[in-house]
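In what follows, a structure is listed as structure tokens, so that the remarks can point back to it.
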There are 2 protein chains.
Amino acid sequence: MNKRQTTLKDLAEKLNVSVATVSRALKDHPRISQKTKEAVWQLAADLDYEPNQLALSFRNRQMNAIGVVVPKIIYHLYATAISGIEDYANAQGYNIIICQSNESMEREKAIINELITSQVAGFIISLSSETNNFDHFTRLQKKGIPLVFFNRECEDVDADRVIIDNFQASYDAVDHLISTGCRRIAYMGGPAEVQISNHRLKGYQKALADNGITVDERLVQHCEFDKESVLSHARRLVYGPQPPEAILAFSDQIAINTMIACKERGLKIPEDVSIVGFNNEPVTELIEPPLTTIDQPGFLMGKTAAELLVRQIENSDTVIKPEKRILSSTLIIRKSTNRNRL
Amino acid sequence: MNKRQTTLKDLAEKLNVSVATVSRALKDHPRISQKTKEAVWQLAADLDYEPNQLALSFRNRQMNAIGVVVPKIIYHLYATAISGIEDYANAQGYNIIICQSNESMEREKAIINELITSQVAGFIISLSSETNNFDHFTRLQKKGIPLVFFNRECEDVDADRVIIDNFQASYDAVDHLISTGCRRIAYMGGPAEVQISNHRLKGYQKALADNGITVDERLVQHCEFDKESVLSHARRLVYGPQPPEAILAFSDQIAINTMIACKERGLKIPEDVSIVGFNNEPVTELIEPPLTTIDQPGFLMGKTAAELLVRQIENSDTVIKPEKRILSSTLIIRKSTNRNRL
DNA sequence: GCACACTGCGCAACTGTTTGCACAAAAATT
DNA sequence: AATTTTTGTGCAAACAGTTGCGCAGTGTGC
């Protein structure tokens with residue numbers, strides 16, 4: 001047990017050559033004789049030599065690893081995005097170190113600090129809902145560490161970003177609701193600090209305006225992600241004098257908890273109220289009624305982010321203009337909005 | 001941009017002392033004068049010095065990182081277990097590198113190899129469903145690299161493991177079904193190679209036997225995890241001449257797809273057939289009817305695994321006898337098994 | 001006045017790998 | 001035969017940090 005890994009030195013000593021020669025032989029350097037090379041290859045195979053990645057990273061002053069910081073991996077979007085990142089990163093020879101900020105800015109800062117000192121090659125980040133200060137990102141940029149945002153991005157930092165068009169997605173969803181005859185449409189948004197929630201709010205407002213519907217501010221709620229917060233905000237909507245005919249939610253989880261509040265109030269879905277979620281989590285097609293929702297290309301999002309990051313890492317000498325990739329999302333229409341058109 | 005991180009050497013040169021002195025001053029070594037220490041601390045703060053973890057890891061011949069290998073992070077159990085691992089590991093100063101085997105043994109082997117060369121401090125692993133050869137684990141043990149299994153373990157390898165009592169959990173579930181008056185009880189198992197599925201099968205069989213019910217082999221199915229496979233096996237059960245009165249499934253996903261097959265056949269749940277799942281995924285309380293299921297302590301499982309691993313890492317000189325931690329699971333009774341007792 | 005202890009700091013080795021340079025021997029060219 | 005080129009190999013430095021040891025210089029005790 002506890003046998004040390006075979007090193008170049010081990011091979012060199014057994015063969016009575018220098019470490020440098022062994023290193024070059026393994027790389028098939030032209031200046032090493034065929035005879036020496038073959039001896040080295042043979043022994044390396046016998047002793048199961050594998051280069052020590054840690055030593056290599058140290059020498060290159062950089063780990064072959066990418067730091068991935070997401071709010072929570074149990075959110076389906078992040079779990080799938082991580083698969084996309086892993087897929088591409090591994091193919092390019094990078095490991096990924098996944099960290100959860102748990103929606104805490106302090107945690108996010110600590111993670112980034114920790115990973116900087118570990119010399120990760122770059123970062124792929126989706127902001128915590130709390131994050132309202134961006135010093136830790138500008139710090140990355142000052143140090144020249146590659147950075148890509150995805151999904152929850154940071155507009156004040158000039159970095160690569162991969163997102164969907166949240167404005168348009170929510171516009172389309174509201175448009176769909178209007179087309180089924182709804183006019184009193186509510187928006188159950190996420191925390192007010194979450195930018196993408198506000199982008200969706202804008203899309204919602206624009207769609208209403210474009211259809212000649214005045215926005216009723218009482219129909220716009222901002223809730224936290226926990227069940228209790230959603231329920232209490234949803235109750236404000238459905239127990240009011242004029243419950244909405246439709247509700248667009250910021251996420252499927254919020255939509256589902258909103259459905260619970262509706263059922264509690266005795267409202268039938270979709271007859272009394274239509275509901276639209278966001279993310280197309282697998283659960284949405286299993287519940288009753290199946291939920292109309294917006295499918296985000298999580299895997300592709302992760303993969304694209306990884307591509308952008310690896311491009312930055314491998315061209316660290318040249319300055320690349322930050323790019324904004326907007327992926328398309330799809331409205332998946334299911335029973336929860338299945339009203340007869342008027 | 002691209003400013004190098006401050007190193008001990010930078011501090012040493014500015015202060016005209018040796019690197020060794022700076023290193024010791026930062027560690028408050030008694031042999032360094034107060035004056036020197038203060039000068040070092042001041043400059044270190046000014047230049048934002050942070051020790052380079054990569055260099056430290058290199059020197060210690062080991063990364064301060066733990067390799068975590070799971071089948072898929074989208075499975076709720078693994079996502080929660082990862083949170084538990086991260087929670088404990090971070091508190092102890094370790095990062096975690098999460099990799100998905102995607103249920104492939106080849107991928108699992110490749111990941112382990114890759115992480116070995118990166119000199120991770122240890123591994124926390126849940127087997128892929130395909131894994132039937134354990135050389136890559138015995139190899140870890142020969143190299144003296146700490147290893148902990150959780151959930152899907154490997155009985156042939158003598159390592160720490162954290163599991164629930166799958167036999168008992170499934171026994172209890174079947175017992176519950178019998179207590180509600182069911183006698184024709186089916187088992188929708190996972191792939192035949194997955195050990196825990198077979199443990200649950202044994203619990204199922206024992207519970208039937210203890211209640212004087214003969215096991216009907218036609219009521220035992222082994223399916224893959226994809227929806228189509230589950231549906232086709234479930235149909236064999238429900239379209240037969242004598243559909244079962246109850247079905248115990250290996251996972252919530254399998255249970256839910258089995259429910260779909262039941263509904264398709266016109267069977268009402270729980271009136272015609274009771275269903276029990278496994279894992280208590282959040283979706284189980286949202287579907288109609290809410291699913292009776294077995295709650296596994298995912299977070300605790302991960303945390304315990306991390307504890308055992310860190311213990312191994314930090315006592316690598318002494319040999320610790322591998323330990324088997326069995327955590328308790330809980331049967332959560334919901335509507336899907338709510339029949340009147342006979 | 002001499003031995004001894006203590007104080008404050010630097011030297012050097014070590015971790016595994018790569019790579020520019022040097023240098024000898026062999027081969028090729030004058 | 002003398003020079004140049006080519007070939008095959010080794011030396012040493014570099015990456016950032018830690019740590020045993022040594023070595024001055026100062027202080028203490030008898």
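What you see is a predicted model; the values in this text were computed from it and never measured. Every chain is numbered from 1 and lettered A, B, ... according to where its sequence line falls, protein lines coming before strand lines.
Remark: the A/Ser18 side chain and the A/Thr21 side chain contain an N/O donor-acceptor pair separated by less than 3.5 Å. Checking A/Asn52 against A/Gln5 by side-chain atom types alone, no donor-acceptor pair falls below 3.5 Å.
In this entry the distance linking CG of B/Leu11 with P of C/dC9 reads 15 Å, nearest Å. Atom C1' of nucleotide C/dT7 and atom NZ of B/Lys35 are separated by 14 Å, given to the nearest angstrom. Going from atom CD of B/Glu13 over to atom C1' of C/dG10 covers 15 Å, rounded to whole Å. If you take CG of A/Asn16 and P of D/dC11, they are 12 Å apart, rounded to a whole angstrom. Between the CG atom of B/Leu54 and the P atom of C/dT17 there is a distance of 14 Å, rounded to whole Å. Here the C1' atom of nucleotide C/dG16 and the CG atom of A/Leu47 are 16 Å apart, to the nearest Å. Note: CG (B/Leu15) to P (C/dG10) measures 10 Å, nearest angstrom. When rounded to the nearest whole Å, the span between NE2 of B/His29 and C1' of D/dT18 equals 11 Å.
Phosphate contact (OP1/OP2 of D/dG17, side-chain N/O of B/Ser23, threshold under 4.0 Å): absent. At least one side-chain nitrogen or oxygen of B/Ser33 sits closer than 4.0 Å to the OP1 or OP2 atom of C/dC9. Phosphate contact (OP1/OP2 of C/dC9, side-chain N/O of B/Thr21, threshold under 4.0 Å): absent.
Annotation: A/Lys14, atom NZ; neighbour count of heavy atoms from other residues, nucleotides and ligands within 6.0 Å does not exceed 12.
Checked against B/Ser101 for a side chain to side chain contact (heavy atoms under 4.5 Å, CB included), the options B/Glu108, B/Lys109, B/Lys72, B/Glu130 give a single hit: B/Glu108. Each of A/Ile116, A/Ile66, A/Val68 was checked for a side chain to side chain contact (heavy atoms under 4.5 Å, CB included) with A/Phe123, and the lone residue meeting it is A/Ile116.
Between B/Asp10 and B/Arg4 there is a salt bridge, since a side-chain N of the basic residue sits under 4.0 Å from a carboxylate O of the acidic one. The existence of a salt bridge linking A/Lys303 and A/Glu86 is excluded, since no basic side-chain nitrogen approaches an acidic carboxylate oxygen closer than 4.0 Å.
With rounding to the nearest 0.5 Å, the separation of CZ in A/Arg311 from CD in A/Glu323 is 4.5 Å.
Within the 4.0 angstrom heavy-atom criterion, only backbone atoms of the sugar-phosphate kind lie near A/Val17; the bases stay farther away. Looking at heavy-atom distances under 4.0 Å, A/Asp10 makes no contact with the nucleic acid at all.
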Under-3.5 Å N/O pairs linking protein and nucleotides 12-15 of chain D:
none

Please produce a list of atom pairs where a protein N or O lies less than 3.5 Å from an N or O of nucleotides 21-27 of chain C.
none

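Ring centroid separation for the pair B/Tyr94 and B/Tyr88 does not come in under the 6.0 Å cut-off.
Here C/dT17 is the nucleotide among C/dT17, C/dC9, D/dT18 with the atom lying nearest to any side-chain atom of A/Leu56.
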